[in-house]
Amino acid sequence: MDRFARLLPSEPVYTYVNDNFPSQLSLHLPTVGLALESGHPHFSLHADNDWGTLFPESSGFTDLGPNNRTFLVSFVHQLHCLDTFRVAFLTNRTGSAHHVEHCLRYMRQAVLCYADTTLEPAHPGMLNGKWRHGATGIGSVHRCKDWTALTKYLEDHPARPAEPPVSAVRPSVPSA
């Protein structure tokens with residue numbers, strides 16, 4: 001046994017019951033670069049097929065732990081919220097306002113969590129009669145996690161079909 005191994009903290013063991021599960025999917029994602037671009041003409045408001053390519057075919061849910069507890073990976077939830085904004089802009093239905101508000105708040109927190117420190121060169125421009133700094137982000141290279149590796153993992157490890165919770169299943173009572 002390596003004499004230094006005892007100095008390392010032991011890996012936690014999770015039961016996946018209630019709140020006893022890891023906060024992150026234990027998956028190493030390589031670092032990749034992403035140069036931001038306008039994306040035109042792809043990923044427009046009307047480009048359903050383009051947006052559809054971002055989602056894993058498995059839905060983004062995966063089962064973990066000894067009892068196969070199902071989890072959604074935040075990456076997929078964040079993509080879903082972006083797509084919800086897109087569809088809400090197109091449909092402008094008040095029925096989706098609650099969902100859009102949820103996604104707006106969720107994405108705000110995800111952006112705050114990541115706190116991307118990539119530098120985007122400023123370009124001065126006139127706004128309301130004053131010179132202001134502006135930035136498009138186009139051409140800035142971001143250090144990212146490889147989302148294609150995450151998508152492949154989710155496709156290779158899909159969740160089982162949803163079932164009603166045990167508390168919702170009631171024994172059938174024979175009719176008289």
Side-chain angles (χ1 to χ4, degrees), residues 19 21-64 69-128 130-162 164-165:
D19 291 334
F21 58 88
S23 64
Q24 306 267 319
L25 180 63
S26 180
L27 177 68
H28 171 73
L29 297 176
T31 300
V32 297
L34 170 66
L36 296 189
E37 54 187 37
S38 72
H40 184 75
H42 301 289
F43 294 97
S44 71
L45 287 175
H46 300 278
D48 293 340
N49 291 337
D50 286 345
W51 283 90
T53 65
L54 296 174
F55 294 92
E57 291 183 25
S58 67
S59 79
F61 287 91
T62 190
D63 294 333
L64 300 172
R69 185 168 174 191
T70 305
F71 294 88
L72 176 63
V73 176
S74 290
F75 163 76
V76 177
H77 191 174
Q78 294 159 5
L79 287 174
H80 158 79
C81 284
L82 289 175
D83 197 42
T84 296
F85 298 148
R86 177 186 71 87
V87 171
F89 281 126
L90 288 174
T91 60
N92 198 21
R93 294 190 324 239
T94 56
S96 65
H98 177 76
H99 195 180
V100 171
E101 283 184 303
H102 155 76
C103 286
L104 183 62
R105 290 181 181 108
Y106 181 84
M107 289 305 299
R108 177 188 62 83
Q109 293 172 75
V111 168
L112 291 173
C113 177
Y114 186 65
D116 187 348
T117 59
T118 302
L119 299 175
E120 300 179 355
H123 304 283
M126 185 69 73
L127 179 65
N128 297 327
K130 290 185 174 184
W131 282 100
R132 308 269 185 190
H133 290 295
T136 64
I138 294 171
S140 299
V141 177
H142 295 249
R143 181 178 299 269
C144 307
K145 294 179 180 176
D146 186 351
W147 60 91
T148 62
L150 178 55
T151 300
K152 181 170 180 3
Y153 173 88
L154 293 170
E155 288 173 354
D156 292 345
H157 299 87
R160 65 197 180 290

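In this structure, Met107 and Phe85 approach most closely via the heavy-atom pair CG-CE1, 3.9 Å. Counting all heavy atoms, side chain and backbone alike, Trp147 lies closest to Val32 at CZ3-CG2, 4.0 Å. Counting all heavy atoms, side chain and backbone alike, Trp131 lies closest to Met126 at NE1-CE, 3.4 Å. Pairing each heavy atom of Thr70 with each of Ala159, the nearest pair is CG2-CB, 3.6 Å.
Checked against side chain to side chain donor-acceptor pair (under 3.5 Å), Tyr106 has the following partners two or more places apart in sequence or in another chain: Ser74, His77. A search for ring pair (Phe, Tyr, Trp, His ring centres under 6.0 Å) contacts involving Phe43 returns Trp51, not counting sequence neighbours. For the side chain to side chain donor-acceptor pair (under 3.5 Å) test, residues two or more places apart in sequence or in another chain that qualify with Asp116 are Thr118, His142. By the side-chain contact (heavy atoms from CB on, under 4.5 Å) test, Pro158 is found to be paired with Ser58, residues two or more places apart in sequence or in another chain being considered. Residues meeting the side chain to side chain donor-acceptor pair (under 3.5 Å) test with Asn128, sequence neighbours left out: none. Residues satisfying the side-chain contact (heavy atoms from CB on, under 4.5 Å) test with Arg108, not counting sequence neighbours, are Leu112. For Asp63, the salt bridge (charged side-chain N to carboxylate O under 4.0 Å, His left out) test picks out Arg160, with sequence neighbours left out. Qualifying salt bridge (charged side-chain N to carboxylate O under 4.0 Å, His left out) partners for Asp48, counting only residues two or more places apart in sequence or in other chains: Arg86. Residues passing the ring pair (Phe, Tyr, Trp, His ring centres under 6.0 Å) test with His157, sequence neighbours excluded: Tyr153. Listed by chain and residue number, Phe71 satisfy the ring pair (Phe, Tyr, Trp, His ring centres under 6.0 Å) test with Phe21 (two or more places apart in sequence, or in another chain). Partners of Lys152 under the salt bridge (charged side-chain N to carboxylate O under 4.0 Å, His left out) rule, at least two apart in sequence or in another chain, are Asp156.
Going from atom OG1 of Thr151 over to atom CG of Leu79 covers 7.5 Å, rounded to the nearest 0.5 Å. Atoms CD and CG, on Gln78 and Leu72 in that order, are 9.5 Å from each other to the nearest 0.5 Å. Taking CG of Leu29 as the reference point, atom SG of Cys144 lies at 11.5 Å (rounded to 0.5 Å).
Listed by first and then second residue, the salt bridge (Lys or Arg N to Asp or Glu O under 4.0 Å) pairs involving residues 136-151 amount to none (not counting sequence neighbours).
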Practice prompt. Take Leu25 and Leu150 through the test side chain to side chain contact (heavy atoms under 4.5 Å, CB included) and record every step on the way to the result.
Written response: CA-CA 10 Å; Leu25 180 63; Leu150 178 55; 4.0 Å; yes
